[in-house]
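Letters A, B, ... are given to chains in the order of the sequence lines, protein chains preceding strands, and every chain is numbered from 1.
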Amino acid sequence: MCSLALFPPPLPSGQTTMCESNNELLPGTNTEDRLRLDSSPLSLYFPRESLKLHSRTESSSKAAFLDHSETLWMRSAAAWRDGGYIGLLNEITNSDREVPKWLSVSSGCILALLRWVSSFHGSLFPHLTLSCENMIAEFSQVLNWSDCVVRAFAWHPHTDKFAVALLDDSIKIYNPKSATTPTLKHRLQRSVAAVQWKPLCASALAVACQNCLLVWHVDPCSLSTRPSSGCAQVLSHPGHSPVTSIAWSPSGSLLLSASPMDTAMMVWDVAAESCVPLQRVGGGGVTFLTWSPDGSHVLASTPSAVFRVWETRMWTCERWPCVKGRCQSGCWSPDGSRLLFTVQGETVIYALTFTDTQGIPTSTSKGPQAAAVVADLSETTFNTPDGDIIVGGEIQSLAWDPRGERLAVLLKGHPQAADRPAVIAVFKTRTSPIFELLPCGFVQGEPGAEPRLMQFHPNFQHGALLTVCWSTGRITHVPFYFLSAGVPRYGLSGSPSLPCAQERPDDFVNQSLFTELIS
Amino acid sequence: MFSTEQRCWFVRKVICWRAAASNAWAVLLLLPITAVFVILSRFSLLHPIQTISECLSLLTSASAIFSFILLCGVILMIGFLNLEYYTVIPAIACSKIALLGQLLHPRQFVNSLVHCIMGIIVAWCCAITIGGRYETLCYTCTQSDGSPQMCLNEFHLILLLAGAFVGFSHSLLGVIYNMNYVSFHTVQQYKYLRFKGSLPLVVKCSATQALYSIRNYIVVYFFLGYIPKAWVCKTLNLHLNSTAQPLDSVAGLLDLSLLYHLWISATFQLFTWYITLQLFRIFITEAYSFPVQSSFTEDAHQCISKVLTDKQPMILKFLALQDLALLSQHSPSRRCEVFSLSQPGGHPHNWNAISKECLSLMTDLTQRLVAYHDTVATNGRAKSLSTGSERKTSSETSVTSGTEDLMSPRPTLLMKTPASVFARSIVGGPQSPLTAPFTPDLDSPFASPALRRLTAPVDCSPWHGTVQSPHIMRRGPKLWSTSTDSQVNGSPVPSPASVPSPKQETSKPSVLAQFLHNRKEQVKNFLAKRVLIMYLFNKLPEASSQALFADSQAHIWALEGLSYLVQASFSEDHFGVVQTTLPSILSCMLVLQEAVDRHFKLPHASSKPIKSTISMGDSSYKTLRFALRATLKTAIYRITATFGDHLKAVQLSAEHRKRLQHFLEYKE
C-alpha cells in the first residue's frame, strides 16, 4: 500500500511547484514564478476585491424601499410562486388580521404539523435540515465552497477553453485562441456548484445552480461578451434543488443531475428538456455523480453511508454500503474498469474493479465483492527546514488524468492549524499489467494559498496538466511531463529528455508499494 | 414481395404477444385497483372499521364478481383499441380544419362510440359497487295519490351518463393530445421500473382529468340533462318522482357526496384505461433484438438489414432502427457482424444495406426540409404542406402532396444511380437561361415539394466537385416546370431516359399553370376575406414545423447508429467497408445539418422547446426537431473527433470540407 511516508517532503515555504519533469516535481522561486504566471494567457487571477458580491440578500434590501401594501390575493400568489405550499401557509398565518380567524388558525396548525413531519424526516437524514448554501458547501467537491472565489471550473473536453464560475455568480469563458471572454449571467444562476461542458459539442455548458440546471449555448464564433439569457435553457424539476452535481454522458447525449434533497437522480434529454427520474429509496438524496470515461457506469453517492454504481445500459444499480461515512469523492480509470473512491471520515483510497463483458448488463456479470484499500493518506509529519509540517487526513476530492498515469488527491488539512494546510498529493498510477500507485509529490502554491479545486486537462499532449484553483483567487496550471507508458504517441517534441535523473524513482521501487495482482 | 409475409411475421410473433401481455397485466392490476376504489368510494370517516368489513363482504359477493368480469372485458376492449389505433408517428393537424377533420373521421367516430359504451359499463359497475342510492335504475315510489309505481332513479342515470361523457371526452382528448402516439424513451429501463416510475404520473393525470371532465359534465347535464331523462322515462315507461329533488338543478347538483362519487368513479374509469395504455406503451416500445445476419435463409427476412428497408408496419422499422442504435453503441460482437463480409463473394452486404437505408432516411428529411423552406421563404407562410384538409379546397391535388407524404418515409432514390448523376448535370447545365422565363412561381402547383424530391438526392452524391448545398438544390427544381406524376407517386428510381423528357414540354404546361395559378389566387383572395374560414384554414406554424419532424425519431436513431458504427469502425472494421461510404455519410450529414440550421432560422419556428404540461398524451413529438438538431451535431462531432485529421484524406467537395474544418476546430 502506498502511504504519504514514501512521498518526498514538501517544498520549503516560499517555493511553489512548477511542473513535473524527469520524474521530479520542480520548484520555482516566487518572483520568476509570478512573471511566468502573468505572461501565460491561461493563468488567471481573480482578486476577491474585484468581484462585486451580493453583500445584501434580497430580503434585506427590502428595507430600502417604501412599504407597499398589496392585496392579500397578490401576496398569496407571490408566496405560492416563491415558496410553494409552505410559503402560502406562512403568508396566510402571518396575515391573520386580514383573513378569517379559522383560516389563519388552521393554516398555522397545518404548518406546525408539516414542520413536525419534516423535522422527523430530518432526524432520519440530518442533511435535510441544512440551508441551501450550506448543503452545497457540504457536498461540493470544492474545498470550503462558500468562501471560494472560484466556485467551479471546467475544461472543455476537446479544446483548450475553460469555464470559471466565480463567487459573484457569473461564469467566464476563456479561450486562448480568441480575444473575447464571454461572461454568462442569468437571473437563476445562483450558487453555482458545478459546471461541465457537453462532450462532442463546441458550445453547450451545463451549470448546476441553486434552483435549477442551466444549459448555456455559447457560440464559439460569436464576438459577444455578454450572451443574453436567451442562450440558456432552464431545466428544472419540482423538488430537485439545490443541484450539487452534474455529469454529461461521454457520448454527449444525456445529462445527469443530482440533488441532496431528491432521492431521484435525473436523466435529462437536454434538447427536448425532458427528464426521467431514476428513483431509489434509501440514502436520502444524491450528492455526487461521475460518469466513467467509457460511458458504461456512473458513480452516484448519497448523503448516507451508501453509494450506488449505475450501469448505463438498462439503468440498474449496485448498492455499496460504506462502513463509516458517505462517499465523498470518486474517479474512474480511463477504461472505466476501475473506480477509486474515498469515504468521509477515513483517510484511505479504496478501489473497485469492474470486469464486465460488453453487451451483458452488469447485473448478470460478476462485479467486485469488496473494495480494496490502495492508498493510506493518514497524517504524516515531515521535517522541513521551516519546522515540522503535518500532511494528510481526510480527502476532499480525487482527480485522475485522462491517460490514467497521474492521480491527484486534494487533502483537506485543518483550516485552523497553520502547520496542517490543505495540500494536493499526486500519485503516479499504472493500470496495466497490474494496478500500481507510486508516490510523485506534493503540489504547492504560494504561501498562504490553499488549493480549493483541481481538474486535469482532458487532452494535454505532453503528459498531464493539472489545473488548480487557489483560495487567493488564482488559477494555475501544473504540467506533468512524461512519456505515456501505454500508447506510443507521436509529436512529443516538446517533452523533456528522460535519461537525466533516474536515481530517485529507484528509491521508491524498492519500497513496499501497493500492487494488485491480476487474479 | 416479402413485405406482406414479413408484416405477418412481426405483428403475429411480437406485437400481438406484447399487446396481449400488457393486457394481461392490466387485468391483473384491475383487482387491487378495484379494491382501492371500493374502499375509497364507501369510506366514511366516522365508521372506519364498519367500512372495511362492508367492503370485504362486498368484494366477495356475486354481484361484485360479475361486475369485475365485466370490467375485465372493458379492459380487454380498451387494450384492443390501443393496439388498433396506436401509432409511432403522430398525426399532427396543421390547421384548425384539419383537427376538425380528424375529430369527425369515421374511424374516430367508432372509437368514440366504443369508448362511450365502455364508459357506461364501467359506470354501471361503479354504481353497483358504491351501492346505496346509486344501485338501480328504477325503484318503487308512491305518487302523490298514494299509488305505488316505478320511478326513475336519477342518481343511477347521472352516474351512467357521466361514464359515457368521460369515455367520450377521453376519446376526443385522445385525438387532440395524440394519446395514441407511442414514443420511445431515450433511457432504456426494465419494464417494471418504467411502470413504477410512471405510476405517480398516471394517478395524477387520471385524478385531474376526471376533475375537468366531471366539471364539464355537470355543466352539460345542468342544461341538457332533461333530454336523456325524458328519453329514458319514455322508453322504459318510468315515471319521475315528483317528490325527489331533480338533479339538473343547482340544488340537486350541489350535493357534495354526489360530486365526490362522480369524481371517484371517473377517476377509477380513467385510471384503469390509462394504466392499460401505459402498459401497452411500455410493452410495445421495449427494445427488440434483431439478428444482424442469419445462417438460415428462411430467417433472412428477420435480419436487421432486411427489416430496416421495410415500409410497413412502422413499428417494425422503428424497433429495427432502435436496435441499430443500441447495437452500435453497446455490442461489439454485433458490430463485428455488421462490418463482416459475405462468405462467398466477400461483399459487405450488411453494412451496405444498413448505411444505404440510413442515408436514404436522411436524404429524405433533407429534401422535405428544403421543400418546406422554399414554400415558406417564397410565400412568407407555410402552405401546401401536410394537410389533408387543404386538398379539398385547392383545385389541384398535385399541390398538396398530402399528409401521407410527410408521415411515411417515401421510397427514396438510390444515391449511386446514374440518374442522380445525370440530374446533376441537368441542374448545373446550360439550359437554365432558356427555361428560366417559363419557370412558374414557387407558389404554383408545379413547384410542389413532391417535385423537388426528384432532383434532391443529387446533393448526396459525394464525388462531384460542384457545389452541393440546399441553396443550389432550391434553384434546381425551377428548371423543371412540369410535374411528373409517375415519378412522384410511382417508381422509386427514375430511369435516366425519363429524366430529360419533362424538359421538352416546358412551355405548354406553364401556360396552363399560369391560368390555374390565377384562378387559385382569385378563389383564395375571395376566401381570405371571410374571417371564420381564415381562422379554420390558417396554418399553425408551430404545428407544421412539428409535422415536418413527426417521424424524426427514426432519423435520430439512424444518425446515432451510423455515427457510432463509423466511430467503432476506426478500430473494429478490419476490411475497411465503412471507408467506402464515409464520404457519402459525411456529405449527407453536412447537407442535412445545413438544412436543419436553415429551418431553425425561419422566423416562426420557435428555437426552444415549449414547456409541455403534464398529461397522459405523450408530447415528446413536439421536441423531436430539437433532439434531431442536437443528435445531428453530436453525430458529426463523433466522427470528426474519432478520425481527426484523417478526414482530410476523405474525398469531399470544397464547401463540405470547409464545414468539416469548422467541426474539426470545434467552432460549430
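- Heavy atoms of Y564(B) lying under 4.5 Å from chain A belong exclusively to its side chain.
- Taking both residues in full, the closest heavy atoms of Y666(B) and H156(A) are given as CD2-CE1, 4.3 Å, listed atom of the first, atom of the second, then distance.
- When all heavy atoms of Y637(B) and L200(A) are compared, the pair lying nearest together is CD1-O, 3.4 Å.
- Between Q188(B) and R313(A) the shortest heavy-atom distance is CB-O, 3.3 Å.
- For K658(B), the salt bridge (Lys or Arg N to Asp or Glu O under 4.0 Å) test picks out no residue, with sequence neighbours left out.
- Looking at H662(B), there are no atoms closer than 4.5 Å to chain A (heavy atoms on both sides), in backbone or side chain.
- When heavy atoms are compared at a cutoff of 4.5 Å, Q189(B) approaches chain A by way of both its backbone and its side chain.
- Counting heavy-atom pairs under 4.5 Å between each of G252(A), A204(A), P199(A), C201(A) and chain B puts C201(A) at the top.
- Residues of residues 231-240 of chain A lying under 4.5 angstrom from chain B, judged on non-hydrogen atoms, are A232(A), Q233(A), V234(A) by number.
- Residues M314(A) and L193(B) are not in side-chain contact: their nearest non-hydrogen atoms beyond the backbone lie 4.5 Å or more apart.
- Within the 4.5 angstrom heavy-atom criterion, no atom of S274(A) approaches chain B.
- Scanning both residues, K198(A) and A630(B), for their nearest heavy atoms gives NZ-CB, 4.2 Å.
- Across all non-hydrogen atoms, the minimal contact from V276(A) to H185(B) is CG2-ND1, 4.1 Å.
- For chain B, the option among S203(A), S251(A), A264(A) with the highest count of heavy-atom pairs below 4.5 Å is S251(A).
- Interface summary for chain A: among R194(B), Q567(B), R638(B), the most heavy-atom pairs under 4.5 angstrom belong to R638(B).
- Of all heavy-atom pairs between T623(B) and A272(A), the closest is OG1-CB, 3.3 Å.
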